[in-house]
Amino acid sequence: MIDPALEWLETSGLGGFAMGTVSGERTRRYHGLLLVDRHQQRTMLVNGLEVWAQTSSGTYPLSTHIYDGGHRFPEGQRFITRFSLHPCPKWEYVLGDGTIINQELLIPHGTESV
C-alpha cells in the first residue's frame, strides 16, 4: 500500500511545476499535472486526468480522486506497487490480471509542457 502522504515534485525551470501525492490523490491546492508561472501569476492548466486501462480480463483504474466525505473514486492507488523519482516521477501498476503498466511524468526543462 502506498502512503497517501508521500509527495513528489517535478519543476520546469521557469517557475512552473507538477506535483502531487505518490498515490495520485490531490490533497493540496497546488497538486496538479501542469501549473505554469505567467509573470508571477501561477495558473493550473491540468489538475488531473481520469485514467483507465482496458485488458482482456477487464477495465482497471489508474487514477484516484478524493470527493466530499473522503470518498475515493476510482481507486487506482490500490494497483500501485512501486514509485521512484529518478530521473522523473514513475509509477508501476500491477493490475488484477497481472498486467504491469509503467507511467512516467516528465516536464522537459525550460518548457511549459508535461
Undergrad: Could you report the tightest heavy-atom contact between Pro74 and Pro61, atom names first, then the distance?
TA: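 Closest approach of Pro74 to Pro61, heavy atoms only: CB-CB, 3.3 Å.
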Undergrad: Minimum heavy-atom separation for Thr111 to Ile107, with atom names?
TA: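 Taking Thr111 first and Ile107 second, the nearest heavy atoms are O-CG2, 4.0 Å.
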Undergrad: Apply side chain to side chain contact (heavy atoms under 4.5 Å, CB included) to Tyr93 and Thr99, showing your working.
TA: CA-CA 8 Å; Tyr93 297 82; Thr99 300; over 6 Å; no
Undergrad: With ILVMFWY side chains joined below 4.5 Å, transitively, what does Leu106's cluster contain besides itself?
TA: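 Members other than Leu106 - counting any ILVMFWY side chain reachable under 4.5 Å - there are none.
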Undergrad: With sequence neighbours excluded, tell me which residues meet ring-ring contact (aromatic ring centres under 6.0 Å, His included) with Tyr60.
TA: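 Result, ring-ring contact (aromatic ring centres under 6.0 Å, His included) vs Tyr60: Phe79.
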Undergrad: Can you tell me how far the CG atom of Asp97 sits from the OG atom of Ser56, to the nearest 0.5 Å?
TA: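 It is 6.0 Å, given to the nearest 0.5 Å.
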Undergrad: First locate atom CZ of Arg78, then atom CZ of Arg72, and finally report the distance between them rounded to the nearest 0.5 Å.
TA: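 Answer for the CZ-CZ pair, Arg78 versus Arg72, is 12.5 Å.
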Undergrad: Could you list the cluster mates of Ile66? Members are the ILVMFWY residues connected by side-chain heavy atoms closer than 4.5 Å, either directly or through other members.
TA: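 Noted: Ile66 shares its cluster with no other residue.
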Undergrad: Could you list all the salt bridge (charged side-chain N to carboxylate O under 4.0 Å, His left out) pairs where at least one residue sits in residues 49-61, not counting sequence neighbours?
TA: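 Residue pairs passing salt bridge (charged side-chain N to carboxylate O under 4.0 Å, His left out), neighbours aside: none found.
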Undergrad: Is there a donor-acceptor contact under 3.5 Å from the side chain of Thr64 to the main chain of Gln77?
TA: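 Answer holds: yes.
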Undergrad: Name the orientation class of the two ring planes belonging to His71 and Phe73 (parallel below 30°, tilted from 30 to 60°, perpendicular beyond 60°).
TA: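 Judged by the thresholds at 30° and 60°, the geometry between His71 and Phe73 is parallel.
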Undergrad: Quick one: pull up NE2 in His65 and CD in Glu25 and give me the separation to the nearest 0.5 Å.
TA: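 CD of Glu25 is found 10.5 Å from NE2 of His65.
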Undergrad: Indicate, with yes or no, if Val46 and Trp91 share a hydrophobic cluster defined by side-chain heavy-atom contacts under 4.5 Å among Ile, Leu, Val, Met, Phe, Trp and Tyr.
TA: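 They do share one cluster, since a chain of ILVMFWY contacts under 4.5 Å joins Trp91 to Val46.
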Undergrad: So, taking the atom named CD1 in Ile101 and the one named CG in Leu62, what distance separates them when rounded to the nearest 0.5 Å?
TA: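 It comes to 5.0 Å.
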Undergrad: Taking atom CD of Glu112 and atom CG of Asp37, what is their separation to the nearest 0.5 Å?
TA: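 Between atom CD of Glu112 and atom CG of Asp37 there are 8.0 Å.
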Undergrad: As an exercise, state the distance from CD of Gln54 to CG of Leu95, rounded to the nearest 0.5 Å.
TA: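 Nearest 0.5 Å value for the CD-CG distance: 12.0 Å.
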Undergrad: Under 4.5 Å between side-chain heavy atoms, hopping through other hydrophobics if needed: is there a path connecting Val114 to Leu85?
TA: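 The answer is yes; both residues are in one hydrophobic cluster.
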Undergrad: Would you call Trp8 and Leu105 a side-chain contact if the rule is heavy atoms closer than 4.5 Å?
TA: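 SC-SC contact between Trp8 and Leu105 confirmed.
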Undergrad: Do Val22 and Ile100 land in one hydrophobic cluster if side-chain heavy atoms of ILVMFWY residues count as linked below 4.5 Å?
TA: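 The answer is no; the residues belong to distinct hydrophobic clusters.
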Undergrad: Indicate if Ile80 and Leu6 have the same hydrophobic cluster label, given that clusters are the connected sets of ILVMFWY residues with side-chain heavy-atom separations under 4.5 angstrom.
TA: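 Yes; Leu6 is reachable from Ile80 via cluster members.
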Undergrad: Can you name the nearest heavy-atom pair linking Gly15 to Ser12, along with the distance?
TA: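 Answer, listing the atom of Gly15 first, then Ser12: N-OG, 3.7 Å.
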Undergrad: Which other residues end up in the same hydrophobic cluster as Met44, if Ile, Leu, Val, Met, Phe, Trp and Tyr are linked when side-chain heavy atoms come under 4.5 Å apart?
TA: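 Members other than Met44 - counting any ILVMFWY side chain reachable under 4.5 Å - are Leu9, Phe17, Met19, Tyr30, Leu35.
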Undergrad: Applying salt bridge (Lys or Arg N to Asp or Glu O under 4.0 Å), can you list everything that pairs with Arg82, at least two apart in sequence or on another chain?
TA: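 For Arg82, the residues satisfying salt bridge (Lys or Arg N to Asp or Glu O under 4.0 Å) (neighbours in sequence not counted) are Glu92.
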